[in-house]
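Below is one structure, written out as structure tokens, with a few remarks after it.
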Amino acid sequence: MTIKDIITQTKLGEVLKTFEYYYGNSYSETVKSVYLKLKKITPQKNKRNMIVFIRVLKENEQGDDVVTNDFDVNDKTLFFDICGEDNDYNGLYSISSEDYDQLLGYYISEETIKQFHFSQIIAHLLWEIEWR
């Protein structure tokens, strides 16, 4: 399943409500605009076989952010980091500055799909990407 597939299966109202839950309503109009723009864009083919997933981070007692696999998606003390992996690089990519048409063709990891509602995936994605 690609990011575009998930966007086409969400509704703006659900995404806005979810975005505002996690990030507040200061950017609601921008989020609405970018979401509607993404719905209209045709994705490029995923030539890099990029798979996008959400890493969940929480602050430990020393104040460091650590990845956690045991979490409640509604916990507002958590941080959500959207990363990508492909076959070409032994590390994680930031998706923040990807061109929208490329981003929309990226696959979403099965684990992320199991852990998050589609509106949550899109809300966290909208927070992560640069708004142009």
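Keep in mind it's a predicted model, so treat the numbers as computed, not measured. Because only heavy atoms are used, hydrogens play no part in the values below, and waters and symmetry mates are left out as well, while side chains stay in.
Hydrophobic clustering keeps Ile122 apart from Phe79 (ILVMFWY residues linked when any side-chain heavy atoms are closer than 4.5 Å, directly or through intermediates). A chain of hydrophobic side-chain contacts below 4.5 Å, direct or via other Ile, Leu, Val, Met, Phe, Trp or Tyr residues, connects Tyr21 to Tyr23. One hydrophobic cluster, built from ILVMFWY side chains closer than 4.5 Å, holds both Leu36 and Ile41. Clustering ILVMFWY residues whenever any of their side-chain heavy atoms sit less than 4.5 angstrom apart, transitively, puts Ile3 in a cluster other than the one holding Tyr107.
Counting only heavy atoms from C-beta outward, the side chains of Thr2 and Asn46 never approach each other to under 4.5 Å. Residues Leu92 and Arg55 form a side-chain contact, since some pair of their non-hydrogen atoms from C-beta on lies under 4.5 Å apart. With contacts defined as side-chain heavy-atom distances shorter than 4.5 Å, the pair Leu125/Leu103 qualifies. Between Ile129 and Leu126, the closest side-chain pair of non-hydrogen atoms falls below 4.5 Å. By the 4.5 Å heavy-atom criterion applied to side chains, Asp81 and Leu57 are counted as neighbours. Contact annotation: the side chain of Tyr27 approaches that of Trp127 to within less than 4.5 Å [non-hydrogen atoms, C-beta and beyond]. Annotation: side chain of Lys32 is in contact with side chain of Leu12 (closest heavy-atom distance under 4.5 Å). Taking 4.5 Å as the limit, some side-chain heavy atom of Lys37 sits within range of a side-chain heavy atom of Tyr100.
Thr68 and Asp70 form no side-chain donor-acceptor contact under 3.5 Å, judged by distance and modelled atom types alone. Side-chain contact of Asn60 with Gln62: a donor-acceptor pair under 3.5 Å is present, judged by distance alone. Under 3.5 Å, the side chains of Thr30 and Ser33 contain no donor-acceptor pair of N or O atoms.
The aromatic ring centroids of Tyr89 and Tyr93 lie less than 6.0 Å from each other.
Atom CD of Gln115 sits about 11.5 Å away from atom CD of Glu110, to the nearest 0.5 Å. Put simply, CG on Asp88 and CG on Asn49 are 9.0 Å apart, with the number rounded to the nearest 0.5 Å. In this structure, CD on Gln102 lies 13.5 Å from NZ on Lys45, to the nearest 0.5 angstrom. Taking CD1 from Ile121 and CD from Gln9, the interatomic distance works out to 10.5 Å, rounded to the nearest 0.5 Å. Atoms CZ and CG, on Arg48 and Asn87 in that order, are 10.5 Å from each other to the nearest 0.5 Å. In this structure, Ile108 CD1 and Asp5 CG are separated by 9.5 Å, a value rounded to the nearest 0.5 Å.
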**Study point:** side chain to side chain contact (heavy atoms under 4.5 Å, CB included) between Glu128 and Ile95, intermediate numbers included
**Key:** CA-CA 7 Å; Glu128 189 84 19; Ile95 55 95; 3.7 Å; yes

Review point. Does the pair Leu16 and Tyr35 meet the rule for a side chain to side chain contact (heavy atoms under 4.5 Å, CB included), with working shown?
Key: CA-CA 9 Å; Leu16 279 175; Tyr35 172 84; over 6 Å; no

Check your understanding: Can you check side chain to side chain contact (heavy atoms under 4.5 Å, CB included) on Val52 and Met50, steps first, answer last?
Key -> CA-CA 6 Å; Val52 173; Met50 181 71 75; 4.3 Å; yes

Exercise for review: Walk me through it: do Ser109 and Ile51 pass the test side chain to side chain contact (heavy atoms under 4.5 Å, CB included)?
Suggested key: CA-CA 6 Å; Ser109 76; Ile51 299 173; 3.8 Å; yes

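Each salt bridge (Lys or Arg N to Asp or Glu O under 4.0 Å) pair with one or both residues in residues 14-31, not counting sequence neighbours, would appear here, but there are none. Each ring pair (Phe, Tyr, Trp, His ring centres under 6.0 Å) pair with one or both residues in residues 49-74, not counting sequence neighbours, appears once here: Phe71-Phe116.
The heavy-atom pair separating Leu38 from Lys4 by the smallest distance is O-NZ, 3.1 Å. Taking all atoms of both residues into account, the shortest heavy-atom contact from Gly105 to Pro43 is N-CB, 3.6 Å.
For Tyr22, the side-chain contact (heavy atoms from CB on, under 4.5 Å) criterion is met by Thr18, Val73, Asn74, Phe80, Gln120, His124, not counting sequence neighbours.
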